[in-house]
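Input: a single structure, listed below in structure tokens.
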Amino acid sequence: MKHKYEIIIYWSADDNAFIAEAPELAGSKADGSSYAEAVKNIEVVIGEWIETATILKRSIPKPKGKLVYA
């Protein structure tokens, strides 16, 4: 794993797949037929998110780690 953003992974019965989200990067979601595949796919999405933000000269949030939900 080269990125340090929090990843949330859960099973979606509707999609019949594992869903992985990187909540610190808006819109970053991926899926996979296995837990490992979902993690692999979200890593690609995170990389592409950062690459696109860099090209568009947008700010890239620093990873905060565990998010606190109220």
Side-chain angles (χ1 to χ4, degrees):
M1 179 188 326
K2 62 181 178 178
H3 303 290
K4 297 183 180 183
Y5 291 96
E6 178 179 37
I7 297 171
I8 299 171
I9 302 171
Y10 56 92
W11 175 255
S12 171
D14 290 340
D15 298 312
N16 196 35
F18 286 92
I19 307 297
E21 298 181 24
E24 295 177 82
L25 304 175
S28 294
K29 290 185 179 182
D31 66 357
S33 59
S34 69
Y35 189 96
E37 184 179 16
V39 170
K40 179 181 170 186
N41 292 340
I42 194 64
E43 284 290 331
V44 171
V45 170
I46 291 169
E48 290 173 352
W49 195 103
I50 293 169
E51 181 181 339
T52 300
T54 301
I55 290 167
L56 298 174
K57 297 182 181 177
R58 295 189 177 162
S59 64
I60 299 169
K62 291 186 180 185
K64 294 179 184 174
K66 184 176 178 183
L67 297 178
V68 177
Y69 297 97

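Counting from 1, the numbers follow the sequence of the chain as shown. These values consider heavy atoms only, across backbone and side chains, with no hydrogens, waters or symmetry-generated copies.
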| message | Under the rule for side-chain hydrogen bond (donor to acceptor under 3.5 Å, both in side chains), what residues qualify as partners of D15, not counting sequence neighbours? | response |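 Applying side-chain hydrogen bond (donor to acceptor under 3.5 Å, both in side chains) to D15 gives S12.
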| field | Those residues that, when tested against S33, pass side-chain hydrogen bond (donor to acceptor under 3.5 Å, both in side chains) (two or more places apart) | value |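 S33: side-chain hydrogen bond (donor to acceptor under 3.5 Å, both in side chains) contacts with E37.
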What's the shortest heavy-atom distance between [X] and [Y], and which atoms?
X: E24; Y: P61; value: O-CG, 3.5 Å
X: H3; Y: E43; value: CD2-OE1, 2.9 Å
X: K62; Y: Y5; value: C-CE2, 4.2 Å

Atom pairs and distances, side-chain donor-acceptor, residues 44-59, under 3.5 Å, sequence neighbours left out:
unit_1, atom_1, unit_2, atom_2, d
W49, NE1, A26, O, 3.1
T52, OG1, E48, O, 2.9
T54, OG1, I50, O, 2.8

| Are P23 and E6 close enough that some pair of their side-chain heavy atoms sits under 4.5 Å apart? |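 A side-chain contact exists here, since the closest heavy-atom pair is under 4.5 Å.
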| query | Considering residues at least two apart in sequence or located in another chain, which fulfil the side chain to side chain contact (heavy atoms under 4.5 Å, CB included) criterion with A20? | reply |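 Side chain to side chain contact (heavy atoms under 4.5 Å, CB included) list for A20, sorted by chain: I7, I9, A38, I42.
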| request: Report the residues that fulfil salt bridge (charged side-chain N to carboxylate O under 4.0 Å, His left out) with K29, sequence neighbours left out, ordered by chain and then residue number. | output: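 Once residues adjacent in sequence are excluded, the partners of K29 under the salt bridge (charged side-chain N to carboxylate O under 4.0 Å, His left out) criterion are E21.
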| In Å, rounded to the nearest 0.5 Å, how long is the span from CD1 of I19 to CH2 of W11? |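 So the CD1 of I19 and the CH2 of W11 are separated by 8.5 Å.
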